[in-house]
Amino acid sequence: MMRHDRKAGFSAVVLALLLAGTACTVVESRRPCPCWAIINLDRFSELKNYEDVLTDILINSSLIRSETVALADYVTQPYEQKLKDRIPTTVSCASGFDGMTVRSDSLVCDRGSEVSRVWTASLTQECDGDCAYFDLQPHKDYTTVTFVVLGIVSADDFEYDMRVRANYNGMRLRDRKPIEGAYLAYLRPLEAGVTFELRVPRQLDDEMVLDILSPRSDRSYTTDDRIDVIPLGQRLKAQGFSWDKENLDDVVVTIDIARLDVGVIISEWKEEAFDENI
C-alpha cells in the first residue's frame with residue numbers, strides 16, 4: 001500500500017476522534033481532559049524482516065505504558081493510546097530487540113551476547129489538544145563489524161579465539177542514549193572460514209577493544225590468556241567512524257595475525273533495510 005493512502009487513513013482517524021470529542025464540554029477547561037496519542041508505525045512496518053515493535057509511552061521520564069504489538073496490525077491504521085493528561089509525552093519504539101533484555105524503557109545485552117539488529121525511535125510532543133500525532137522514524141542502533149583474517153586459508157588454520165569488550169551494553173529508548181555496562185561478545189565465524197562477524201551497540205567513547213586469546217573450551221579466560229589487546233574503538237575513530245550518527249555505519253576490519261596488525265574500512269549505511277517500494 002502506498003504511503004499517501006496510509007496518510008489519508010490516519011487523517012480520517014484523527015478527524016473521527018476530534019468529532020467524537022471527549023468527556024469535557026466546550027465551556028469547561030480542557031486541560032484535565034484526555035488526549036489521544038496517534039502513533040504512526042509506517043516506517044517500522046517498512047523495515048525488512050521485522051514483525052513486532054515495542055512501544056513505550058513516558059510522561060516526565062516515567063514509563064506509563066509498554067506494549068509489544070504486531071506491525072501487521074498497523075499497516076492501514078495508526079496505533080492509538082488514550083492519555084489521561086495533557087502534558088508533554090514521549091513515545092519510544094524499538095524493533096529487532098530479540099535476544100536483548102527489556103528493563104523498563106531500556107534494552108540491554110546479556111554478557112556474552114552480541115547486540116540484536118535493533119532499530120529505535122523516540123519523539124516527544126506537546127499533548128495540548130484532543131490528539132497528538134507521533135510520526136516515528138526508526139534509526140539503526142547497531143554496527144556490524146566484519147573481521148577478515150589475513151594469511152589463513154580456512155578456519156582450521158586459525159588457532160585463536162576473539163572477542164570484543166566495550167563500556168556500553170545497551171540503550172535507553174526515551175532518548176536513544178547508550179547505557180553504561182560491560183559489553184562482551186565473541187566473534188561468529190562465517191561460512192567463508194576466514195571471516196568473522198559481530199554486532200556491537202552504540203557507544204559513548206572509543207574504548208572498545210578486540211581481545212585475541214589463546215583458546216579455552218569453556219571460555220573462562222583470564223588476562224594471562226590474552227595474546228594481544230587491540231584498541232579497536234580508537235582504530236575506528238582514526239578512520240572517521242562516528243558513534244553519533246543517527247544510523248550507525250558498518251565496518252570491515254582486517255586482521256593480520258602474523259603482524260598483529262589491524263586495518264579498518266567503513267561501510268556507510270544505506271536504506272537497504274527498508275522495503276524497496278517506499
Side-chain angles (χ1 to χ4, degrees), residues 1-22 34-59 63-84 88-102 104-107 115-127 129-142 144 171-176 199 202 245-248 250 269-278:
M1 182 174 291
M2 300 299 291
R3 287 183 58 82
H4 65 268
D5 294 332
R6 295 178 183 171
K7 291 290 186 183
F10 295 142
S11 298
V13 171
V14 173
L15 178 60
L17 287 170
L18 287 171
L19 292 175
T22 66
C35 171
W36 282 90
I38 311 299
I39 303 168
N40 180 9
L41 298 176
D42 263 10
R43 292 289 282 174
F44 277 91
S45 297
E46 291 160 355
L47 287 171
K48 294 179 181 178
N49 305 317
Y50 291 79
E51 298 180 353
D52 302 319
V53 59
L54 171 66
T55 303
D56 290 346
I57 297 178
L58 301 99
I59 294 178
L63 183 65
I64 64 169
R65 184 177 181 86
S66 182
E67 184 178 20
T68 299
V69 300
L71 286 166
D73 294 340
Y74 298 98
V75 174
T76 59
Q77 62 181 350
Y79 174 75
E80 307 163 18
Q81 287 297 324
K82 186 178 181 180
L83 308 174
K84 66 178 182 178
T89 299
T90 300
V91 174
S92 301
C93 291
S95 280
F97 57 91
D98 295 343
M100 301 181 72
T101 299
V102 180
S104 184
D105 74 323
S106 299
L107 300 175
V115 70
S116 302
R117 295 180 177 88
V118 61
W119 291 71
T120 70
S122 184
L123 183 62
T124 300
Q125 299 278 43
E126 292 285 346
C127 294
D130 291 333
C131 296
Y133 187 76
F134 295 81
D135 193 4
L136 277 301
Q137 168 69 50
H139 296 289
K140 180 174 176 284
D141 272 317
Y142 68 93
T144 298
M171 66 203 67
R172 189 171 57 194
L173 296 180
R174 77 187 75 167
D175 53 12
R176 299 182 54 237
R199 294 184 302 272
R202 189 181 295 274
K245 294 188 69 172
E246 285 277 35
N247 297 289
L248 291 176
D250 296 327
W269 176 84
K270 299 178 181 179
E271 284 200 17
E272 296 176 351
F274 291 95
D275 289 336
E276 296 177 356
N277 62 347
I278 62 174

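Every heavy atom of this structure was used, including side-chain atoms; hydrogens, water molecules and symmetry mates were not. For clarity, every value in this text was computed on a predicted model and none was experimentally measured.
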Requested in this report: State whether the number of non-hydrogen atoms from other residues, nucleotides or ligands found under 6.0 Å of E51 atom CD is greater than 12.
Outcome: no

Report task. Flag this pair as yes if the NZ/CZ of K48 is under 6.0 angstrom from the six-membered ring centre of Y50 and inside a 45 degree cone about the axis; otherwise no. Result -> no

Query raised in the report: Taking atom types as modelled, is there a side-chain donor on D141 or T120 under 3.5 Å from an acceptor on the other?
Result: yes

**Report entry** Exercise: identify the closest heavy-atom pair between F134 and A37
**Finding:** CE1-CB, 3.9 Å

Requested in this report: Grab the two heavy atoms, one from S95 and one from D52, that are nearest each other, plus how far apart they are.
Outcome: OG-O, 2.7 Å

Query - Closest contact, heavy atoms only, C131 versus C35 - result: C-SG, 3.9 Å

Query - CG-CZ distance between L173 and F97, expressed to the nearest 0.5 angstrom - result: 9.0 Å

Query raised in the report: Once you round to the nearest 0.5 Å, how far does CD of Q81 lie from CD1 of I39?
Result: 6.5 Å

Report task. Hey, could you give me the CH2/CG distance between W36 and D130, rounded to the nearest 0.5 Å? Result -> 11.5 Å

**Report entry** Salt bridge flag under 4.0 Å for residues D56 and R172
**Finding:** no

Requested in this report: Could you tell me whether the side chain of L248 reaches within less than 4.5 Å of the side chain of Y142, counting heavy atoms only?
Outcome: no

Query raised in the report: So, the side chain of S45 versus the backbone of V75: is there a donor-acceptor pair under 3.5 Å, distance only?
Result: no

Report task. Quick one: closest heavy-atom pair of G96 and S116, and the distance? Result -> O-CB, 3.0 Å

**Report entry** For D105, salt bridge (charged side-chain N to carboxylate O under 4.0 Å, His left out) partners two or more places apart
**Finding:** R174

Query - Side-chain touch V115/M100, heavy atoms, less than 4.5 angstrom - result: yes

Query raised in the report: Tell me, do L58 and S92 make a side-chain contact under 4.5 Å, heavy atoms counted?
Result: yes

Requested in this report: Give a yes or no on whether R117 atom CZ has more than 12 heavy-atom contacts from other residues, nucleotides or ligands under 6.0 Å away.
Outcome: no

**Report entry** Test item: T90 side-chain N/O and T124 main-chain N/O as donor-acceptor pair under 3.5 Å
**Finding:** no

Query raised in the report: Would N40 and Y133 satisfy side-chain contact (heavy atoms from CB on, under 4.5 Å), going step by step from the backbone distance to the final call?
Result: CA-CA 8 Å; N40 180 9; Y133 187 76; 3.1 Å; yes

Query raised in the report: Any side-chain heavy atom of L107 sitting closer than 4.5 Å to one from L54?
Result: yes

Query raised in the report: Looking at side-chain heavy atoms only, is the closest gap between K140 and D250 below 4.5 Å?
Result: yes

Query - Heavy-atom side-chain proximity of V53 to V69 below 4.5 angstrom - result: yes

Requested in this report: Evaluate the salt bridge (Lys or Arg N to Asp or Glu O under 4.0 Å) criterion for residues E80 and K82: first the C-alpha distance (whole Å), next the side-chain angles of each, then the deciding distance (0.1 Å), finally the verdict.
Outcome: CA-CA 7 Å; E80 307 163 18; K82 186 178 181 180; over 6 Å; no

Query raised in the report: Would you say the side chains of S122 and R176 form a donor-acceptor pair under 3.5 Å?
Result: no

Requested in this report: Determine whether D135 and Q137 make a side-chain contact, defined as any pair of heavy atoms from C-beta on separated by less than 4.5 Å.
Outcome: no

Report task. Check whether any side-chain N or O of R65 sits under 3.5 Å from a backbone N or O of I57 as a donor-acceptor pair, and report yes or no. Result -> no

Report task. Look up atom NZ in K84 and atom SG in C127, then write down how far apart they are to the nearest 0.5 Å. Result -> 14.0 Å

